[in-house]
Amino acid sequence: MLHLRRIRELLRESDDPSHLQVPAGYDVMAARRRFADLTGALEQRFGPSVTAGGVQDASLYGYVSIPESAAAPGRPLWVMMSNFGPFVTAGTGKDWGTPGCEEGLDTGFVTWLDELCTEIDCIFVPVGLLLEPYDGPTRLEDDWEEEGEEEEADEGAPLPLAWWDRYFQFM
């Protein structure tokens with residue numbers, strides 16, 4: 001795995017306020033190929049119960065879900081690929097991008113996924129790093145403040161902006 005300092009540098013280098021959903025010069029065919037390779041490898045590892053989907057209006061390209069019946073930790077497992085980097089992350093449970101969503105993630109799986117990412121020209125980013133406070137140049141606050149105000153009545157104060165919000169979220 002790349003050193004966390006280097007991954008942080010790549011997150012900052014990829015952050016372009018002029019391009020929220022996809023980077024400048026985005027290669028759609030290459031993204032499709034990488035996601036198909038990622039999904040295919042996960043299907044080969046976990047079987048036919050694996051499902052995958054794309055996402056629109058987001059910096060996230062797509063996600064792959066592995067049900068708890070096929071995942072080693074006994075909790076649903078998920079893997080996501082961003083349009084940027086292209087960064088890949090993984091976690092367990094149903095709450096993507098929240099503190100603790102990486103709990104129970106098998107280190108053997110993380111090693112395998114990191115090696116796969118290298119093969120398919122992606123970069124594995126641990127969730128813990130993505131949950132660090134966002135300090136990049138892109139203005140995300142306006143959209144998140146409006147959404148946070150609606151959610152605040154239901155769930156308490158919204159979480160502070162994190163790198164997750166830049167690369168694995170709706171824009």
For this session: Calculate, to the nearest 0.5 Å, the distance between atoms CG and CZ belonging to D15 and R166 respectively.
Result: 4.5 Å
For this session: Measure across D165 and P160 and return the closest heavy-atom pair with its distance rounded to 0.1 Å.
Result: OD2-O, 4.0 Å
Exercise. Are there more than 12 heavy atoms of other residues, nucleotides or ligands under 6.0 Å from atom CD of E13?
Worked result: yes
Exercise. For F84 and L20, which heavy atoms make the closest approach, and how far apart are they?
Worked result: CE1-O, 3.4 Å
Problem set entry | Close side-chain approach of V79 and T39, heavy atoms under 4.5 Å | no
Problem set entry | Nearest-0.5 Å distance, CZ of residue R5 to CG of residue L129 | 12.5 Å
Problem set entry | Side chain proximity check, V127 to F168, heavy atoms < 4.5 angstrom | no
Exercise. Counting distance only, does the side-chain N/O of R45 pair as donor-acceptor with the main-chain N or O of G40 below 3.5 Å?
Worked result: no
Problem set entry | Check against side-chain contact (heavy atoms from CB on, under 4.5 Å), L140 and Q169 | CA-CA 11 Å; L140 302 174; Q169 196 58 270; over 6 Å; no
Problem set entry | Distance (rounded to the nearest 0.5 Å) between I66 CD1 and T92 OG1 | 11.0 Å
Exercise. Any ion pair linking R12 and E9 (charged N to carboxylate O, less than 4.0 Å)?
Worked result: no
Problem set entry | Close side-chain approach of P126 to L105, heavy-atom, < 4.5 Å | no
Problem set entry | Presence of salt bridge, E68 and K94, under 4.0 angstrom | no
Exercise. So Y61 and M80, side-chain contact (heavy atoms from CB on, under 4.5 Å) or not? Walk me through it.
Worked result: CA-CA 8 Å; Y61 181 88; M80 296 180 165; over 6 Å; no
For this session: Measure up the Y167 and F87 rings against each other and bin them: parallel (under 30°), tilted (30 to 60°), perpendicular (over 60°).
Result: perpendicular
Seminar exercise, completed: Heavy atoms of G100 and R75 approach each other most closely as O-NH1, 4.4 Å
Problem set entry | Whether S65 side chain and T51 backbone form a donor-acceptor pair below 3.5 Å | no
Seminar exercise, completed: Shortest non-hydrogen pair, Y134 vs T138, comes out as OH-N, 2.9 Å
Seminar exercise, completed: Closest heavy-atom pair, F124 versus I7, reported as atoms and distance to 0.1 Å, is O-CD1, 3.5 Å
Problem set entry | side-chain contact (heavy atoms from CB on, under 4.5 Å) evaluation trace for T89 with W78 | CA-CA 8 Å; T89 195; W78 45 264; 4.1 Å; yes
Problem set entry | Side-chain heavy-atom pair D135, W163 within 4.5 angstrom cut-off | yes
Exercise. Do any N or O atoms from the side chain of S82 and from the backbone of S59 form a donor-acceptor pair under 3.5 angstrom?
Worked result: yes
For this session: To the nearest 0.5 Å, tell me how far L2 CG sits from I123 CD1.
Result: 6.0 Å
Problem set entry | Straight-line distance of L130 CG to R8 CZ, nearest 0.5 Å | 10.5 Å
For this session: Evaluate the ring planes of W96 and Y63, with Trp represented by its six-membered ring, and classify them as parallel (under 30°), tilted (30 to 60°) or perpendicular (over 60°).
Result: tilted
Exercise. Is a side-chain N or O of D95 found less than 3.5 angstrom from the main chain of T98, in a donor-acceptor match?
Worked result: no
For this session: Looking only at non-hydrogen atoms, find the nearest pair between N83 and Q21 and report the distance.
Result: ND2-O, 2.8 Å
Exercise. Going from CZ on R34 to CE on M29, what distance comes out if it is rounded to the nearest 0.5 angstrom?
Worked result: 11.5 Å
